[in-house]
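The structure appears below as structure tokens.
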Amino acid sequence: MVARAGLSYRFTHAITRKPADSVANGLRAVDTGDPSGDAFRAEHELYVKALQDAGLTVDVLPQLETYPDSCFVEDPAFCLPEGAIQLRPGTVSREGEGKEIRAALDARFDKVVELPGSGYVDGGDILMLDDVILIGLSARTNREGADAFAQLLKEWGYNAEVCETPEGVLHFKTACSTLGEGVILATEVMAKSGFFGERKVVVVPDGEDYAANVIRVNDVVLVPEGYPKTLAAIEAAGFRTVVLPTHEARKVDGGLSCLSLRFAGKAA
């Protein structure tokens, strides 16, 4: 099991799904008002364009009214160059999303497998680095699911570690992201966790914890709008940024990483 340079941020493809009007009924830890389907779709279009501008071919799946949280495609699947893994989200209302995204995975991958066993894993709890894949336990990812996922990754030749996500953090990646090249962006509590070893950690400034969820896509880092201190810290660390609105996604506990499956894949 060896490090693969650029595994965590060098991508050619992405899969996304348009937000549905039913997103107003989406899951949330704190109610700050219902997101608007129209406003969310407008923000999503900017998101898709940013991925395309970064060099990705983007599959945009149609909105799925049956599943309010279905635009957060990162949670029911995980993609690697070798293939895709269908996960099992840890919320009853999202259990059918895996079946809905299967055709899109089959269209892009020769190998698609399901998470073994009966445990739960949400993609938002998986942080892929170039040399290790970290799996955070949470209310949405249990020990059975995390261990089964880690074992599958090891069979595919990847180093995987299961982590105890700090209390109060919804998803592991709610509080951290990879900026690539051995640099992590993390909230203060996550930075002190010890999960990141000797890697450089850029700490999110006070009051901007939401901005810990960013995505490095090839040569740019996509950053949520409205967090100037975090933006400055990322740029000071030497990374080029693109700012995107995530106001509607935030109302249902969503962030930039949740809205796409990003991978290095075969040509269309």
Side-chain angles (χ1 to χ4, degrees), residues 3-11 14 46-47 50-51 53-54 56 72 74-75 78 122-138 141 159-161 163-247 249-250 253-263:
R4 307 188 189 193
L7 176 70
S8 63
Y9 65 89
R10 288 289 173 199
F11 307 121
L46 296 174
Y47 179 83
L51 294 177
D53 289 346
L56 273 58
F72 301 124
E74 180 182 60
D75 290 321
F78 183 73
D122 263 21
D125 285 315
I126 305 166
L127 180 67
M128 182 165 63
L129 306 178
D130 289 352
D131 59 343
V132 65
I133 297 172
L134 302 179
I135 309 157
L137 300 177
S138 74
T141 296
N159 184 27
E161 297 177 8
C163 306
E164 294 279 355
T165 305
E167 188 175 351
V169 177
L170 174 65
H171 276 139
F172 194 78
K173 280 192 301 205
T174 301
C176 63
S177 307
T178 177
L179 297 176
E181 298 158 23
V183 183
I184 302 293
L185 177 72
T187 61
E188 186 172 2
V189 66
M190 194 67 94
K192 292 178 178 178
S193 66
F195 298 142
F196 308 121
E198 299 301 314
R199 297 175 181 84
K200 176 181 177 179
V201 178
V202 176
V203 179
V204 174
D206 288 345
E208 295 193 0
D209 280 6
Y210 176 80
N213 183 260
V214 304
I215 48 175
R216 167 81 183 269
V217 183
N218 294 331
D219 297 325
V220 300
V221 178
L222 307 186
V223 182
E225 181 179 66
Y227 302 92
K229 294 178 182 177
T230 303
L231 179 67
I234 294 170
E235 291 177 344
F239 297 94
R240 188 159 65 91
T241 60
V242 171
V243 176
L244 290 171
T246 59
H247 308 293
R250 185 174 183 180
D253 297 336
L256 289 167
S257 73
C258 316
L259 290 165
S260 63
L261 289 165
R262 303 164 301 280
F263 53 96

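Only heavy atoms go into these numbers, but all of them, side chains included; no hydrogens, no water, no symmetry mates. Keep in mind it's a predicted model, so treat the numbers as computed, not measured.
- Of the possible donor and acceptor atoms, one in the side chain of Thr141 sits under 3.5 Å from a partner among the backbone N and O of Asp122.
- Atom CD of Glu188 has 12 or fewer heavy atoms from other residues, nucleotides or ligands within 6.0 Å.
- In this structure, the side chain of Asp125 engages the main chain of Phe172 through a donor-acceptor pair within 3.5 Å.
- Side-chain contact between Asp131 and Arg199: present, with at least one pair of heavy atoms (C-beta onward) separated by less than 4.5 Å.
- Taking 4.0 Å as the cut-off between side-chain N and carboxylate O, Glu181 and Lys200 do not count as a salt-bridged pair.
- Thr174 and Ala212 get closest at one heavy-atom pair: O-CB, 3.7 Å.
- Annotation: the span from Thr187 atom OG1 to Tyr210 atom OH amounts to 14.5 Å, rounded to 0.5 Å.
- Here Glu225 contributes atom CD and Leu244 contributes atom CG; the two are 8.5 Å apart, rounded to the nearest 0.5 Å.
- What you find for Val202 and Ala237 is that their closest heavy atoms are CG2-CB, 4.0 Å.
- For the pair Arg216 and Phe239, the NZ or CZ position fails the cation-pi test of under 6.0 Å to the six-membered ring centre and within 45 degrees of the ring normal.
- Separation of atoms SG (Cys176) and CG (Leu127) is listed at 5.0 Å; rounding is to 0.5 Å.
- Considering every non-hydrogen atom in both Lys173 and Gly123, the closest pair reads NZ-O, 3.6 Å.
- When side chains are defined from C-beta on, Glu164 does not count as touching Ser193, because their heavy atoms never get closer than 4.5 Å.
- Listed for the Lys229 side chain is no donor-acceptor partner under 3.5 Å among the backbone atoms of Val204.
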Query raised in the report: What's the verdict on side chain to side chain contact (heavy atoms under 4.5 Å, CB included) for Ile234 and Arg240, showing C-alpha distance, side-chain angles and the deciding distance?
Result: CA-CA 8 Å; Ile234 294 170; Arg240 188 159 65 91; over 6 Å; no

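- Formation of a donor-acceptor pair under 3.5 Å by the Arg4 side chain with backbone atoms of Gly6 is not found in this model.
- The CD1 atom of Ile184 sits 7.5 Å away from the CG atom of Leu134 when rounded to the nearest 0.5 Å.
- Without hydrogens or angle criteria, Tyr47 side chain to Leu256 main chain gives a donor-acceptor distance under 3.5 Å.
- With a 4.5 Å cut-off on side-chain heavy atoms, Asp75 and His171 count as touching.
- Distance alone, capped at 3.5 Å, is enough to place a donor-acceptor pair between the Asn218 side chain and the Ala54 backbone.
- In this structure, Tyr9 and Asp130 approach most closely via the heavy-atom pair CE2-OD2, 4.1 Å.
- From Leu137, atom CG reaches atom SG of Cys163 across 8.0 Å, with rounding to the nearest 0.5 Å.
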Report task. With side chain to side chain contact (heavy atoms under 4.5 Å, CB included) as the test, would you mind laying out the steps for Leu185 and Thr230 before giving the verdict? Result -> CA-CA 9 Å; Leu185 177 72; Thr230 303; 4.3 Å; yes

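- Minimum interatomic distance between Leu7 and Leu129 (heavy atoms only, all atoms of both residues): CD2-O, 3.7 Å.
- Summarising the geometry of Phe195 relative to Pro166, their closest heavy-atom pair is CE1-CD, 4.0 Å, with the distance given to 0.1 Å.
- Remark: Ile215 CD1 to Ser8 OG distance equals 12.0 Å, nearest 0.5 Å.
- For the 3.5 Å distance criterion, the side chains of Asn213 and Ser257 qualify, holding a donor opposite an acceptor.
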